[in-house]
Amino acid sequence: MDMRIGFILLVLCATPALASWEDHTGTTQWKVDITERGCGTDETESYLFVINHKGPRAEIADPVHGRTTGTFEGDILKIPSRILPDGVGSSRLSPITVPFTCTIFTTEYRWDYKDQHVSCSGTTEWRGHRIDQGGCPQQPTTTQRVDIKEHLTREDKARAILAKNPKDFWANWDMAHANKQRGDYKEYLTYLNKATSNEYIYPETRAKVQQEALKQLGLPQPPPPGTVPFLRVVTDEADAGGVIYNLNVPKPTPQHKQRWRTMLWAALTPKSDKILKDLAGLPGDEE
Amino acid sequence: MNKLPLILTILLFVSSCAQQETTPSTQTPQAAPPITVTPAEPSCTTMDCFIPAANNCEDIDITLTQEAGTFTYSSTHCMLTKTLTRIEGPPELKEALEGRSLTCAYNKGEFDSRWIKTLIYGLEQCEGELKEKLAWMLMLT
């Protein structure tokens, strides 16, 4: 009997922890069918919900009731009760408990509406379906914990390299993407700017990205300047500078135009970190 | 024998048949009621009306011919879909870009007009093939 209990405990300890939304970081998008019943209403409409996951904390952009925050406990989101302005009156929403799977959530909550003349109650049902292409939440397994430790070590290594050589391309590149993953876009752009100031690695790397761009667009060579209106607009907009991640990037000098384009490419391209490292033949992280 | 009743009967018979033949089998159509043409409400054809409507999360579609090319913009439930339908350029570039789309989700009152007015700005929170192709285009400029 003791052996069997010991075996079971061993299996439980060795089994990787199950994935949970409580550990997730990133943004998810959901098409939500909202059915509202009460106060003479019985209707269903579809809305887009955007959820910003920061571990257990979730910020929900609810287009009906506005932004709110909740807390994930495992895969169950809990949103506390709140009172919201509602037309000429106000509505008190009951606490909301929302069980999630990787791609679906459903819940129902009560609300009580009141204004000067009327008070009534009803229920609202949410049925959400995931519409972004992200995967299921992943709680680090033992193997992934090792990877994360390596990632942190890589960032530590990058810092150590930069302490001696502030212009090291790959160290700045690694720091840029570490900050991007943390959502620190100011530091992300700062490190990208430093990476592209490298006079040796950057030009070579940029040339490889340009070749890949031709391949991705199916072009044998770049179109002659000014011959394609679409390309001309892209050029003009890039040359004017602009706001990215809510940060104002001024009009680049002629010497910095190419660097700015590379920074924009990195910011707009999913998995740009991995792509660049693949092109350079280096190991990269999945974004 | 007095043939007058017979003749009268025949005449009456013929007369009634003639009336039936001359009476049209269908009634004269009445004049169609006058058709009242209600002028159609002016539809939205510019970004100046599209942007506020999209900002209000109204369902609205529009096609715009802009400097870079022709785009369709579709807003529904606070989600914008921007599709490049036509550009001028080499066939390979048309093949790579035409028909590609990107989508941008937003909250009511937070529509980013750069999605309509520019090609490359405001796309950080958008996704789709068109966004990725635009990023690659940057490296050719």
Side-chain angles (χ1 to χ4, degrees), chain A residues 27 29 31-32 45-50 61-64 66-67 131-133 185 206 209-223 225 227-240 242-246 257-258 260-270 272, chain B residues 56-57 59 65-71 75-81 84 86-98 100 102-114 117-141:
Chain A
T27 301
Q29 296 184 357
K31 176 178 172 288
V32 185
E45 288 199 46
S46 294
Y47 295 89
L48 171 73
F49 276 37
V50 178
D62 170 358
V64 177
R67 293 185 182 278
I131 59 172
D132 63 81
Q133 304 304 312
Y185 295 111
R206 183 171 182 279
V209 177
Q210 284 181 309
Q211 287 303 311
E212 182 66 18
L214 289 172
K215 184 178 156 190
Q216 292 286 334
L217 295 168
L219 295 170
Q221 58 199 14
T227 59
V228 178
F230 190 92
L231 203 50
R232 195 168 59 237
V233 173
V234 171
T235 303
D236 290 347
E237 288 184 5
D239 286 347
V243 175
I244 185 165
Y245 291 117
N246 288 325
K257 280 185 182 179
Q258 296 305 329
W260 173 229
R261 281 159 172 67
T262 307
M263 290 168 63
L264 278 172
W265 169 82
L268 297 182
T269 300
S272 57
Chain B
N56 202 33
C57 294
D59 289 352
T65 297
Q66 296 170 278
E67 187 181 350
T70 301
F71 295 85
S75 170
T76 181
H77 291 307
C78 296
M79 182 181 276
L80 172 77
T81 300
L84 175 60
R86 189 176 175 280
I87 60 163
E88 290 175 22
E92 304 91 345
L93 199 60
K94 291 166 78 69
E95 171 74 24
L97 295 178
E98 287 181 349
R100 311 293 178 188
L102 57 86
T103 57
C104 313
Y106 56 97
N107 290 313
K108 189 173 179 177
E110 295 179 6
F111 184 85
D112 192 336
S113 62
R114 293 179 299 168
K117 295 179 178 177
T118 74
L119 278 183
I120 65 173
Y121 291 111
L123 301 185
E124 300 89 285
Q125 302 305 325
C126 304
E127 57 182 31
E129 280 189 293
L130 182 58
K131 174 184 172 180
E132 294 174 35
K133 297 294 182 185
L134 278 166
W136 288 114
M137 291 287 282
L138 280 162
M139 298 308 294
L140 297 185
T141 60

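Chain identifiers are assigned alphabetically (A, B, ...) following the order of the sequence lines, protein sequences preceding nucleic acid strands; residue numbering begins at 1 within each chain.
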Looking at Ala105(B), Gly89(B), Cys78(B), which makes the most heavy-atom pairs under 4.5 Å with chain A?
Ala105(B)
Flag the one option from Gln66(B), Met137(B), Lys108(B) with the top tally of heavy-atom pairs under 4.5 Å to chain A.
Met137(B)
Contact part of [X] toward chain A, heavy-atom cut-off under 4.5 Å: side chain, backbone, both or neither?
{"X": "Lys94(B)", "value": "neither"}
{"X": "Glu127(B)", "value": "side chain"}
{"X": "Leu119(B)", "value": "both"}

[X], part contacting chain B, at a heavy-atom distance under 4.5 Å:
{"X": "Val50(A)", "answer": "side chain"}
{"X": "Pro225(A)", "answer": "neither"}
{"X": "Thr227(A)", "answer": "neither"}

What residues, two or more places apart in sequence or in another chain, satisfy side-chain hydrogen bond (donor to acceptor under 3.5 Å, both in side chains) together with Asp236(A)?
none
Using the side chain to side chain contact (heavy atoms under 4.5 Å, CB included) rule, take Val233(A) and Thr118(B) through it: C-alpha gap first, then chi angles, then the decisive distance, then the call.
CA-CA 8 Å; Val233(A) 173; Thr118(B) 74; over 6 Å; no
Side-chain (Gln210(A)) to main-chain (Met139(B)) donor-acceptor, under 3.5 angstrom:
yes
Are the side chain of Glu237(A) and the backbone N or O of Ile120(B) linked by a donor-acceptor pair below 3.5 Å?
yes
With the side chain counted from C-beta on, respond yes when [X] and [Y] share a heavy-atom pair under 4.5 Å apart, and no when they do not.
{"X": "Lys31(A)", "Y": "His77(B)", "result": "no"}
{"X": "Leu214(A)", "Y": "Trp136(B)", "result": "no"}
{"X": "Leu138(B)", "Y": "Leu268(A)", "result": "yes"}
{"X": "Glu88(B)", "Y": "Val228(A)", "result": "no"}

Taking [options] one by one, which has the highest count of heavy-atom pairs under 4.5 Å against chain B?
{"options": "Lys257(A), Glu212(A), Gln29(A), Glu45(A)", "result": "Glu212(A)"}
{"options": "Asp239(A), Val234(A), Asn246(A)", "result": "Val234(A)"}
{"options": "Asp132(A), Val243(A), Thr262(A)", "result": "Val243(A)"}

CD/Glu110(B): more than 12 non-hydrogen atoms of other groups inside 6.0 Å:
yes
Does CG in Asp59(B) sit with more than 12 non-hydrogen atoms of other residues, nucleotides or ligands closer than 6.0 Å?
yes
Atom of Leu48(A), atom of Met79(B) and distance for their closest heavy-atom approach
CD1-CE, 3.6 Å
Decide side chain to side chain contact (heavy atoms under 4.5 Å, CB included) for Trp265(A) and Leu134(B); before the verdict, give the C-alpha distance in whole Å, the side-chain angles of both, and the deciding distance to 0.1 Å.
CA-CA 8 Å; Trp265(A) 169 82; Leu134(B) 278 166; over 6 Å; no
What orientation do Tyr121(B) and Trp260(A) show, parallel under 30°, tilted 30 to 60°, or perpendicular over 60°?
parallel
Salt bridge (charged side-chain N to carboxylate O under 4.0 Å, His left out) pairs touching residues 130-140 of chain B, sequence neighbours excluded, are none
Rounded distance (nearest 0.5 Å) linking atom CD1 of Ile131(A) with atom OG1 of Thr103(B)
7.5 Å
